[in-house]
Amino acid sequence: MMKIVFLIIVFGLSFQSCTFENLEPTIAVIPEQIISYSAVIAPINIAKCNDCHVPQGTGNGDFSTYAGVKVKVDNGSMYSRVVLAKNMPTPGTGYNLSETELNQYTLWLNQGAKDN
Ligand code: HEC
């Protein structure tokens, strides 16, 4: 009788350990992409911001040059409006950033908003 109980316990334990092994999560390490201003951000600005954010435009600031964009990075409004409040580009105007574009913009800002 004891032998049977022992076997049941051993079987149970080994079965359990197998189950746990199979459930071990596979951690996928995704290297963080370096977002380039010239290759990624400038084209987004041209397509989604520059109908307003140019010298004679309705937008506050000139995003046709890195220097103009940097002014809004430095005053904190780029992060607060685009990433946090998500109310730039102006909602409902058809210029909304796609999820990918928003992720790229966020990464670029978090990486120091370099002129790269
Ligand atoms: C349809 C026109 C329009 C588009 C497109 C647009 N903006 Fe704006 N933006 C404005 C206007 C008008 C203001 C000024 C009024 C305000 O702050 O809401 C402004 C203000 C801002 C400000 C605040 C500047 C400050 O110093 O307070 C930021 C940052 C900004 N926009 C970023 C962007 C970015 C980045 C894009 C493109 C990804 C974009 N906007 C697209 C019209 C636009």
Side-chain angles (χ1 to χ4, degrees):
M1 183 59 191
M2 282 304 284
K3 267 187 185 166
I4 291 171
V5 170
F6 180 69
L7 281 178
I8 289 171
I9 292 172
V10 168
F11 179 75
L13 285 177
S14 59
F15 184 75
Q16 234 179 11
S17 71
C18 276
T19 312
F20 279 126
E21 262 171 46
N22 292 342
L23 287 179
E24 251 174 47
T26 323
I27 299 165
V29 180
I30 303 163
E32 195 175 273
Q33 226 187 319
I34 300 293
I35 304 297
S36 151
Y37 172 76
S38 55
V40 178
I41 301 302
I44 294 176
N45 288 348
I46 291 168
K48 303 282 177 84
C49 316
N50 283 6
D51 282 348
C52 305
H53 288 277
V54 283
Q56 269 77 49
T58 55
N60 173 353
D62 173 15
F63 299 169
S64 62
T65 64
Y66 173 78
V69 174
K70 190 70 168 38
V71 170
K72 302 305 180 189
V73 170
D74 292 344
N75 79 3
S77 64
M78 202 57 106
Y79 197 85
S80 66
R81 302 292 299 269
V82 177
V83 178
L84 298 179
K86 297 184 178 59
N87 60 10
M88 265 305 137
T90 321
T93 52
Y95 296 97
N96 297 25
L97 298 182
S98 69
E99 202 179 318
T100 304
E101 289 169 334
L102 180 58
N103 285 339
Q104 290 169 325
Y105 228 103
T106 307
L107 265 180
W108 178 72
L109 289 168
N110 286 338
Q111 289 166 358
K114 299 196 187 86
D115 185 8
N116 53 355

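Sequence positions, counted from 1, serve as the residue numbers for this chain.
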Under 3.5 Å donor-acceptor, Asn96 side chain and Pro91 backbone | no
When every non-hydrogen atom of Leu97 is compared with those of Val82, the smallest separation belongs to CD1-CG1, 3.9 Å
In terms of heavy-atom contacts, Phe63 and Cys49 come closest through CD1-CB, 3.9 Å
Quick one: closest heavy-atom pair of Pro43 and Ser38, and the distance?
-> CD-O, 3.4 Å
Hey, what do you get for NZ (Lys72) to CE (Met88), rounding to the nearest 0.5 Å?
-> 10.5 Å
Parallel, tilted or perpendicular for Trp108 and Tyr66, by the 30°/60° rule?
-> perpendicular
Glu99 CD to Gln104 CD distance, which is reported to the nearest 0.5 Å | 11.5 Å
Got a second to check how far Ile41's CD1 is from Ile46's CD1, nearest 0.5 Å?
-> 11.5 Å
Only one of Asn60, Asn87, Thr90 clears side-chain hydrogen bond (donor to acceptor under 3.5 Å, both in side chains) with Arg81; which?
-> Asn87
Side chains of Asn45 and Tyr105, donor plus acceptor under 3.5 Å | yes
Just by distance, do the side chain of Gln111 and the backbone of Ser36 share a donor-acceptor pair under 3.5 Å?
-> no
Have a look at Met78 and tell me which of Val73, Val83, Val71 forms a side-chain contact (heavy atoms from CB on, under 4.5 Å) with it.
-> Val73
